[in-house]
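Just below is one structure, and these are the notes that go with it.
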There are 2 protein chains.
Amino acid sequence: MFSKACEYGLRAATYIAMQSLDGRRVSLKEIADKIDSPIAFTAKILQLLSKNNIVESVKGAYGGFEISRTQMDKLKLSAIVDAIDGDTIYAGCGLGLKECNADKPCPVHSKFVDIRNDLREMLENTSLYEMTAGLEVGLTFLKR
Amino acid sequence: MFSKACEYGLRAATYIAMQSLDGRRVSLKEIADKIDSPIAFTAKILQLLSKNNIVESVKGAYGGFEISRTQMDKLKLSAIVDAIDGDTIYAGCGLGLKECNADKPCPVHSKFVDIRNDLREMLENTSLYEMTAGLEVGLTFLKR
DNA sequence: TTCTAATAGGATAATTTTGTCCGATTTAAG
DNA sequence: CTTAAATCGGACAAAATTATCCTATTAGAA
Ligand code: FES
Ligand code: FES
């Protein structure tokens with residue numbers, strides 16, 4: 001569904017948000033450990049999220065990553081997916097035609113757009129703050 | 001969403017089904033041309049579909065690929081996706097945890113399963129025969 | 001029987017994605 | 001000022017996916 005990079009990005013942002021709620025800035029090392037991701041690869045993804053103003057990065061000693069309380073309310077999952085995977089999910093045709101195009105649709109188009117729209121709506125309506133809700137009380141997990 | 005291989009497989013099977021409706025057995029070359037796919041790669045995919053009894057292959061001169069009328073009614077898109085991409089779509093977690101597991105769900109699990117189930121149902125309920133309907137009358141396309 | 005056109009299948013190559021390494025830079029503490 | 005801990009960023013490496021090439025095999029037709 002999403003690329004590995006995007007999956008790591010979603011998990012990382014969620015973990016940062018959760019810790020930011022407690023006022024804790026977190027390091028790359030801690031993030032990679034808590035979401036079970038390759039550390040150097042995760043660094044690249046966090047750089048990208050930082051450039052897209054999705055997470056805030058602080059360099060130097062005692063630095064790390066954080067997300068402000070107001071940001072994690074406004075920030076939807078779609079922003080993260082857009083930043084990492086681009087619009088392939090929304091624009092791509094289910095059968096792999098160059099782009100999805102209702103004027104010259106592929107045979108699954110009408111059924112596929114419904115599913116894709118549901119996915120899009122879910123991503124656009126789910127905030128990072130919501131993502132943290134179950135995590136804190138141990139109902140949901142970012143690693144097993 | 002699907003791998004390139006799977007997209008080619010779905011398009012190829014659909015084209016074969018459509019031609020089989022007219023009693024025409026089609027060659028690899030024709031298929032690749034009509035669905036705009038790399039010929040040798042498409043050959044691999046058709047081998048796989050043939051081994052999984054999704055298409056029938058006939059070797060030698062005047063050979064090619066075909067799908068019987070009864071088969072294209074029974075055959076659902078899910079069979080093709082299963083054969084090529086396996087169960088990653090159904091079993092995979094939206095955030096990339098090892099497997100999707102309701103007992104230790106990720107933060108998007110509850111929302112994600114609904115979308116994934118819709119996709120699964122669509123694939124399981126759409127027959128290859130249905131796929132050919134719009135194609136013959138020029139309402140849908142396998143290439144642009 | 002021989003020729004020809006087709007799929008089968010193994011080996012290999014190119015590309016993309018994923019992942020690692022290392023030095024540069026930044027920043028706070030001592 | 002020096003040191004230590006952290007991100008940044010470029011180069012590189014590994015793995016997976018996509019794509020190509022070539023030979024073997026098959027089977028119909030002349
Ligand atoms: S054209 Fe294929 S999904 Fe829209
Ligand atoms: S556990 Fe993540 S989608 Fe089910």
Side-chain angles (χ1 to χ4, degrees), chain A residues 1-13 15-16 19 24-33 35-67 81 83-86 88-89 92 95-96 98, chain B residues 1-13 15-16 19 24-33 35-67 81 83-86 88-89 92 95-96 98:
Chain A
M1 187 71 79
F2 307 117
S3 67
K4 285 274 180 202
C6 192
E7 292 171 348
Y8 295 146
L10 289 165
R11 303 220 298 276
Y15 181 74
I16 296 167
Q19 293 302 316
R24 296 190 57 236
R25 181 185 293 164
V26 290
S27 72
L28 165 66
K29 208 181 300 179
E30 177 180 342
I31 295 166
D33 181 55
I35 71 171
D36 194 26
S37 65
I39 183 163
F41 192 44
T42 306
K44 300 296 186 201
I45 297 159
L46 285 172
Q47 276 179 43
L48 184 59
L49 293 184
S50 175
K51 280 179 191 162
N52 283 268
N53 301 308
I54 287 165
V55 303
E56 269 181 88
S57 83
V58 179
K59 290 165 100 173
Y62 292 77
F65 298 88
E66 59 193 18
I67 299 177
V81 173
I84 302 178
D85 279 354
T88 50
I89 292 186
L95 292 192
K98 308 279 187 247
Chain B
M1 188 74 78
F2 307 117
S3 68
K4 285 271 180 201
C6 192
E7 291 172 349
Y8 296 147
L10 288 165
R11 301 220 298 274
Y15 181 74
I16 296 167
Q19 293 302 315
R24 296 190 58 236
R25 180 185 294 163
V26 289
S27 71
L28 166 65
K29 207 179 306 181
E30 177 179 342
I31 295 165
D33 181 55
I35 71 170
D36 194 26
S37 66
I39 184 162
F41 191 46
T42 306
K44 299 296 186 201
I45 297 159
L46 286 171
Q47 276 179 44
L48 184 61
L49 292 184
S50 175
K51 279 178 190 162
N52 282 269
N53 302 307
I54 287 165
V55 304
E56 271 181 86
S57 83
V58 180
K59 291 166 98 174
Y62 293 78
F65 298 89
E66 60 194 16
I67 299 176
V81 174
I84 302 177
D85 279 353
T88 49
I89 293 188
L95 293 192
K98 309 276 187 254

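Lettering follows sequence order; numbering is per chain, from 1.
- Going from atom CD of A/Glu66 over to atom C1' of D/dT7 covers 13 Å, rounded to whole Å.
- At least one side-chain heavy atom of A/Leu49 sits under 4.5 Å from a side-chain heavy atom of A/Ile84.
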Which donor-acceptor pairs under 3.5 Å do the side chains of residues 54-64 of chain A make with protein atoms, sequence neighbours left out?
none

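- Within residues 25-33 of chain A, no residue places a heavy atom under 4.0 Å from DNA chain C.
- Residue pairs meeting the side chain to side chain donor-acceptor pair (under 3.5 Å) criterion with at least one member in residues 37-49 of chain B, sequence neighbours excluded, are B/Ser37-B/Thr42.
- With sequence neighbours excluded, the residues that form a ring pair (Phe, Tyr, Trp, His ring centres under 6.0 Å) with B/Tyr8 are B/Phe41.
- A side-chain donor-acceptor contact under 3.5 Å links B/Arg11 to the backbone of B/Ile35.
- Neither OP1 nor OP2 of C/dT7 sits under 4.0 Å from any side-chain N or O of B/Ser50.
- Look at CG on B/Asp85: it is 16 Å from P on D/dA16, rounded to the nearest Å.
- One distance of note links SG of A/Cys6 with CG of A/Leu48; it measures 10.0 Å at 0.5 Å rounding.
- Residues passing the salt bridge (charged side-chain N to carboxylate O under 4.0 Å, His left out) test with A/Asp36, sequence neighbours excluded: B/Lys98.
- Note: CD (B/Gln47) to P (C/dG9) measures 5 Å, nearest angstrom.
- Between A/Arg24 atom CZ and D/dA6 atom P there is a gap of 12 Å when expressed in whole angstrom units.
- What separates CG of A/Leu46 from P of D/dG9 is a distance of 13 Å, to the nearest Å.
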Item to complete: Heavy atoms under 4.0 Å is the rule here; annotate nucleotides 15-30 of chain C 5' to 3' with B where the base is hit, S where only the sugar-phosphate is, and - elsewhere.
Response: ---SBB-----BBSS-

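- The side-chain heavy atoms of A/Arg24 and A/Glu30, taken from C-beta on, include a pair separated by under 4.5 Å.
- For the pair B/Lys29 and B/Ile39, the minimum side-chain heavy-atom distance is below 4.5 Å.
- In this entry the distance linking NZ of A/Lys51 with P of D/dC8 reads 9 Å, nearest Å.
- Remark: P of D/dC8 and CG of A/Leu49 are 11 Å apart, rounded to the nearest angstrom.
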